[in-house]
There are 2 protein chains.
Amino acid sequence: MIKTRPVNDTRGDNSALKVVGDLKQDILTGYFKPGEKLKMPRLKERYQVGVSPLREALSQLLIEQLVVVENQRGFKVHPVSREEMRDIYATRAEIEALCIGLAVERGDDEWEAGILAAAHTMHKFGDMVDKDPQEWERRHQAFHTAIAQGCNSPTLLQVRRSLYEKASRYRNLWLKKNMANSNVFDANQKEHQQLIDALLAGDGEQARELIRQHLLSPSRALEKTSGLEELAD
Amino acid sequence: MIKTRPVNDTRGDNSALKVVGDLKQDILTGYFKPGEKLKMPRLKERYQVGVSPLREALSQLLIEQLVVVENQRGFKVHPVSREEMRDIYATRAEIEALCIGLAVERGDDEWEAGILAAAHTMHKFGDMVDKDPQEWERRHQAFHTAIAQGCNSPTLLQVRRSLYEKASRYRNLWLKKNMANSNVFDANQKEHQQLIDALLAGDGEQARELIRQHLLSPSRALEKTSGLEELAD
DNA sequence: TTAATTTAAAATGTCGACATTATTGCATTG
DNA sequence: CAATGCAATAATGTCGACATTTTAAATTAA
């Protein structure tokens with residue numbers, strides 16, 4: 001029996017690594033607003049660590065472009081903008097299409113099984129009445145990740161994950177807007193089925209086009225809303 | 001008149017940011033070998049700063065996957081492996097093809113001019129007798145960057161740069177092996193001309209295929225060499 | 001000699017302290 | 001009243017110190 005360890009088990013890690021996860025979550029979920037100044041006293045209080053681990057954590061989020069720094073003026077949450085949203089979503093769509101194209105070429109039976117399993121998990125959730133957006137998003141992402149895994153390239157998957165996280169702040173807005181709207185979820189379900197069909201048929205070109213449209217729809221929806229202004233730029 | 005500032009001007013930056021550049025250089029050029037332990041006393045001595053800025057710098061290189069960390073055992077240079085080299089180069093080829101495909105769709109006259117300018121700068125260097133590999137690589141990269149710029153996507157270009165840096169350690173091996181071999185440089189020159197022709201003709205598909213082959217050739221060459229073993233894994 | 005154990009040395013990760021720099025609030029002036 | 005200048009308040013970035021842990025060396029035992 002292989003001993004696995006939960007993804008959020010941070011026992012052997014140092015303080016910085018522990019705080020990276022929490023801080024990232026707080027930024028992605030919007031607890032810290034875009035553009036907001038991240039003052040050390042507040043962070044020390046919230047995460048119960050000194051400045052050294054905090055600065056290490058912030059240095060990591062700096063490279064992931066979730067925070068920005070200005071000398072002698074500390075750290076801020078990376079601001080949001082329509083332009084950035086467009087660019088991130090467009091890039092994500094291309095990267096995801098790339099993953100899928102390679103996956104169709106390289107994917108094996110185990111890959112296909114993983115997709116069907118994840119699809120089932122998603123489908124079950126669709127029946128629920130109390131749609132917790134976070135849990136829905138978890139399963140939704142698990143489904144797409146199962147597909148992308150088929151590309152079998154750690155480097156590419158790393159790029160993919162990074163873009164997914166960058167997009168999270170915008171996606172959370174979209175989720176708030178649409179969690180009541182069950183049409184959206186039904187349409188999603190349909191698109192997923194089309195995607196699965198194309199994948200199992202080995203039609204890479206079709207799958208690539210489907211995923212592009214699928215990934216861009218939240219972006220298109222957000223273009224029209226005024227939700228972005230709320231998040232000070 | 002706009003006041004520009006040289007890329008390596010680090011006056012307003014904090015110590016960590018200054019040391020990031022130097023440390024990265026030292027890792028990419030192989031001054032610190034893959035897998036080598038990065039001990040604080042040595043780093044303090046070399047970069048003339050305390051542990052705090054050092055740990056911040058290392059935290060950034062951690063996300064860029066140039067170093068790895070183990071709790072209570074400090075930082076190490078990220079090890080190299082044939083597998084990683086293959087994956088990085090393959091991913092880079094796909095990303096570069098993606099950039100170029102978009103660039104052909106979106107590029108304007110200024111873009112084309114930039115390519116020709118960079119090509120000229122490269123060509124001039126080809127005539128020189130004393131081929132400094134570093135300078136050659138600078139111009140080579142400037143040429144490819146000029147092309148990729150046409151995609152007009154900061155996010156995608158960021159991904160591209162990150163992969164370029166990850167590949168640097170392997171590329172430096174290749175450069176050492178081939179700096180005497182002028183056949184290689186001539187072949188390169190030819191491939192560049194083909195690429196330019198395809199780009200100016202607007203043939204995206206052709207350009208994408210050319211760039212894939214172009215980027216993969218160092219990887220293929222390195223597959224055969226024994227150079228990797230020198231770098232302890 | 002090899003293996004195990006103890007001891008000593010060195011390195012890591014974190015905090016508090018301090019100098020420097022930014023920001024805020026208040027008074028002064030035009 | 002607006003704008004400017006000044007003081008006091010707060011925050012940043014860096015270092016040295018310290019407890020903890022790892023690594024290396026020395027010693028002992030088999």
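Remember, predicted model here, so these are calculated numbers, not experimental data. All values below come from the heavy atoms of this structure, side chains included, with hydrogens, waters and symmetry mates left out.
A residue-by-residue look at B:Pro41 and A:Lys44 shows that B:Pro41 has its nearest nucleotide of DNA chain C further toward the 5' end. Comparing B:Lys37 and B:Ser52 by the nucleotide of DNA chain C that holds the closest heavy atom to each, the one mapping nearer the 5' end is B:Lys37.
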Taking only distance into account, with no hydrogens and no angle test, what donor-acceptor pairs under 3.5 Å do side-chain atoms of residues 63-70 of chain B form with protein atoms, sequence neighbours excluded?
| residue | atom | partner | partner atom | Å |
| --- | --- | --- | --- | --- |
| B:Glu64 | OE1 | B:Lys24 | NZ | 3.3 |

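Atom CG in A:Leu58 sits about 15 Å away from atom P in D:dA11, given to the nearest Å. Atom CZ in B:Arg73 sits roughly 16 Å away from atom P in C:dA11 (whole-Å rounding). Regarding B:Glu45, its CD atom lies at a distance of 16 Å from the P atom of C:dA10, rounded to whole Å. Atom C1' of nucleotide C:dA10 and atom CZ of B:Arg42 are separated by 16 Å, given to the nearest angstrom. For A:Gln72 and C:dT20, the CD to C1' distance is 6 Å, given to the nearest whole Å. Look at CE on B:Met40: it is 11 Å from P on C:dT14, rounded to the nearest Å.
Put simply, the side chain of B:Glu96 does not reach to within 4.5 Å of the side chain of B:His214, judged on heavy atoms.
Both tests hold for B:Arg46 against B:Tyr31: distance to the six-membered ring centre under 6.0 Å, angle to the ring axis within 45°.
Side chains of B:Gln141 and B:Thr145: a donor on one and an acceptor on the other come within 3.5 Å.
When heavy atoms are screened at a 4.0 angstrom cut-off, A:Glu56 is found touching no nucleic acid atom at all. Residue B:Leu38 is in sugar-phosphate contact alone, with no base atom involved, counting any heavy-atom pair closer than 4.0 Å across all strands shown.
Set against C:dT14, D:dT22, C:dG16, the side chain of B:Arg55 has C:dT14 as its closest nucleotide.
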